[in-house]
Amino acid sequence: MSIGDNLEKIKDSLPSEVTLVAVSKTKPVSDLLEAYDAGQRVFGENKIQEMTQKWEAMPKDIHWHMIGHVQRNKVKYMAKFVSLIHGVDSFKLLKEIDKQAKRHNRVIDCLLQIHIAEEDTKFGLDENELNEIITSEEFHQLENIKVVGLMGMATFTENQEQIRREFKQLKSIYTTLEKEIENLGILSMGMSGDYQMAIEEGSTMVRIGSSIFGTRNY
Ligand SMILES: *Cc1c(COP(=O)(O)O)cnc(C)c1O
């Protein structure tokens with residue numbers, strides 16, 4: 001099946017309120033253009049340098065999402081064009097994004113990443129750290145970032161019940177956060193292997209790579 005066929009099949013299976021992020025990391029620009037020609041406008045990358053190169057090479061009506069772990073010293077390279085940063089996992093990083101966004105007169109939308117998986121290799125905040133951030137005075141003074149939701153990754157396991165439990169936990173944290181922060185709208189959870197379950201549990205944004213572009217060779 002072609003990239004366009006894969007995309008169409010997945011889009012047909014998504015409820016209309018769920019946004020599809022096409023995760024194009026490691027894939028060549030020619031593959032991204034195929035997806036673009038099939039109508040896809042939201043792309044996710046996990047390395048800032050790679051995303052910047054693709055931003056330069058691709059049409060300018062694309063929304064670029066940074067879905068990977070972000071190093072603070074590299075925020076400056078994407079601040080002028082990134083449209084959503086999914087993996088914000090520290091207050092220091094949020095402040096750096098605010099600072100770089102200000103230099104470009106922008107407000108950058110951010111998702112706070114919550115650690116829901118059992119592996120400690122996956123990044124993210126726990127609930128206490130989340131609360132510390134959103135209740136701090138300094139947070140409310142940041143004018144060039146906007147927290148629009150949460151992101152999380154489930155454990156890499158065959159255990160479907162565990163994955164469902166982790167998605168439910170993230171959704172529950174999201175529901176609580178909705179009372180604290182106005183105009184949240186995005187709950188980013190679900191990848192190729194688990195996005196249907198993520199949607200059942202309340203996801204509004206799925207990040208799908210291999211089911212669109214095929215398996216990755218690193
Ligand atoms: C690579 C990646 C995805 C996409 O994974 P697939 O299994 O290929 O769909 C989603 N989210 C994040 C954070 C990723 O790094």
Side-chain angles (χ1 to χ4, degrees), residues 19-33 35-36 40-117 119-126 129-130 132-134 136 138-139 141-153 156 186 188-189 191 205-210 212-213 216-218:
T19 303
L20 171 62
V21 180
V23 176
S24 48
K25 62 190 184 195
T26 78
K27 297 294 174 180
V29 165
S30 56
D31 283 6
L32 279 72
L33 280 172
Y36 181 89
Q40 184 63 24
R41 292 295 181 273
V42 184
F43 290 84
E45 290 283 335
N46 71 340
K47 296 219 163 60
I48 293 174
Q49 192 183 0
E50 183 177 342
M51 182 172 76
T52 305
Q53 286 166 354
K54 287 172 173 172
W55 167 69
E56 283 166 356
M58 294 281 294
K60 290 298 170 284
D61 60 341
I62 290 172
H63 298 274
W64 292 99
H65 288 198
M66 174 42 58
I67 63 168
H69 182 64
V70 176
Q71 284 172 284
R72 262 181 289 147
N73 60 354
K74 291 190 178 158
V75 173
K76 57 178 177 283
Y77 301 115
M78 64 173 168
K80 60 175 174 288
F81 72 91
V82 68
S83 73
L84 180 64
I85 302 176
H86 289 234
V88 179
D89 60 356
S90 76
F91 196 23
K92 277 184 172 171
L93 174 58
L94 198 59
K95 285 190 277 191
E96 175 64 15
I97 297 168
D98 182 75
K99 180 176 145 193
Q100 297 299 333
K102 195 179 242 103
R103 291 180 54 219
H104 296 281
N105 268 311
R106 299 187 62 208
V107 176
I108 296 181
D109 286 346
C110 295
L111 303 178
L112 298 174
Q113 182 173 356
I114 307 297
H115 186 269
I116 51 170
E119 304 113 333
D120 36 314
T121 50
K122 286 190 173 123
F123 295 98
L125 304 159
D126 63 31
E129 293 164 328
L130 171 67
E132 258 171 51
I133 292 175
I134 63 161
S136 77
E138 216 183 334
F139 171 70
Q141 289 162 357
L142 301 178
E143 293 180 333
N144 295 80
I145 56 100
K146 187 168 167 1
V147 170
V148 294
L150 297 178
M151 180 272 221
M153 286 171 89
F156 186 72
I186 300 178
S188 167
M189 61 182 194
M191 323 194 339
M205 185 172 273
V206 291
R207 310 176 308 267
I208 300 182
S210 41
I212 298 173
F213 296 104
R216 288 175 292 273
N217 303 307
Y218 287 97

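Residue numbers count from 1 along this sequence.
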Full working for salt bridge (Lys or Arg N to Asp or Glu O under 4.0 Å) between E96 and K92:
CA-CA 6 Å; E96 175 64 15; K92 277 184 172 171; over 6 Å; no

Residues forming a side chain to side chain contact (heavy atoms under 4.5 Å, CB included) with N73, sequence neighbours excluded:
Q71

Please report the C-alpha distance between F213 and T26 in whole Å, then the side-chain angles of each, then the deciding distance to 0.1 Å, and finally whether the side-chain contact (heavy atoms from CB on, under 4.5 Å) criterion is met.
CA-CA 10 Å; F213 296 104; T26 78; over 6 Å; no

Has R41 got a side-chain atom pairing as donor or acceptor with Y36's backbone, closer than 3.5 angstrom?
yes

Roughly how far, to the nearest 0.5 Å, is OG of S24 from CG of L32?
4.0 Å

Return the CE to CD1 distance between M189 and I114, rounded to the nearest 0.5 Å.
12.5 Å

I would like to know whether E129 and I133 meet side-chain contact (heavy atoms from CB on, under 4.5 Å); could you show each step before the answer?
CA-CA 6 Å; E129 293 164 328; I133 292 175; 5.6 Å; no

Quick check against the 3.5 Å criterion: does R106 have a side-chain atom that pairs as donor or acceptor with the backbone of V82?
yes

Keeping the roles fixed (side chain from Q40, backbone from L20), state whether a donor-acceptor pair exists under 3.5 Å.
yes

Residue pair V88, L111: steps toward the side-chain contact (heavy atoms from CB on, under 4.5 Å) verdict:
CA-CA 6 Å; V88 179; L111 303 178; over 6 Å; no

Checking the side chain of E119 only, and the main-chain atoms of F156 only, is there a donor and an acceptor separated by less than 3.5 Å?
yes

Are D126 and H115 close enough that some pair of their side-chain heavy atoms sits under 4.5 Å apart?
no

Between K60 and W55, which heavy-atom pair has the shortest distance, and what is it?
NZ-O, 2.7 Å

Nearest heavy-atom approach of M58 to I62 is CE-CD1, 3.5 Å

Determine whether a donor-acceptor pair (N or O, by modelled atom type, separation under 3.5 Å) exists between the side chain of N46 and the backbone of I67.
no

Any side-chain heavy atom of P59 within less than 4.5 Å of one from L33?
yes

Working to the nearest 0.5 Å, report the span between CE of M191 and CZ of R207.
6.5 Å

Do the side chains of K27 and R216 get nearer than 4.5 Å, heavy atoms only?
yes

Report the distance from atom CG of L130 to atom CD of E132, rounding to the nearest 0.5 Å.
10.0 Å

Are more than 12 heavy atoms from other residues, nucleotides or ligands located less than 6.0 Å from atom CD of E143?
no

Just wondering, more than 12 heavy atoms not from K146 lying within 6.0 Å of its NZ?
yes

Nearest-0.5 Å distance, OG1 of residue T52 to CE of residue M78
8.0 Å

Test side-chain contact (heavy atoms from CB on, under 4.5 Å) on L84 and H63; report intermediate values, then the result.
CA-CA 8 Å; L84 180 64; H63 298 274; over 6 Å; no

A quick test of your reading: do over 12 heavy atoms of other residues, nucleotides or ligands sit less than 6.0 Å from NZ of K76?
yes

Identify the two heavy atoms, one from G152 and one from I116, that lie closest to each other, and give their separation to 0.1 Å.
C-CD1, 4.2 Å

So which of K54, Q53, H65 actually passes side-chain hydrogen bond (donor to acceptor under 3.5 Å, both in side chains) with E45?
K54

Nearest heavy-atom approach of A79 to A101 is CB-N, 4.4 Å

Take atom NZ in K99; do more than 12 heavy atoms of anything else shown fall under 6.0 Å from it?
no

Do other residues, nucleotides or ligands put more than 12 heavy atoms under 6.0 Å from F81 CZ?
yes

For H69, the ring pair (Phe, Tyr, Trp, His ring centres under 6.0 Å) test, sequence neighbours excluded, returns F123

Separation between CG of L142 and CD1 of I97, rounded to the nearest 0.5 Å:
10.0 Å

Closest non-hydrogen atom pair, I48 against Y77:
CG2-CB, 3.9 Å

Do you know the tightest heavy-atom contact between C110 and I145?
SG-CG2, 4.1 Å

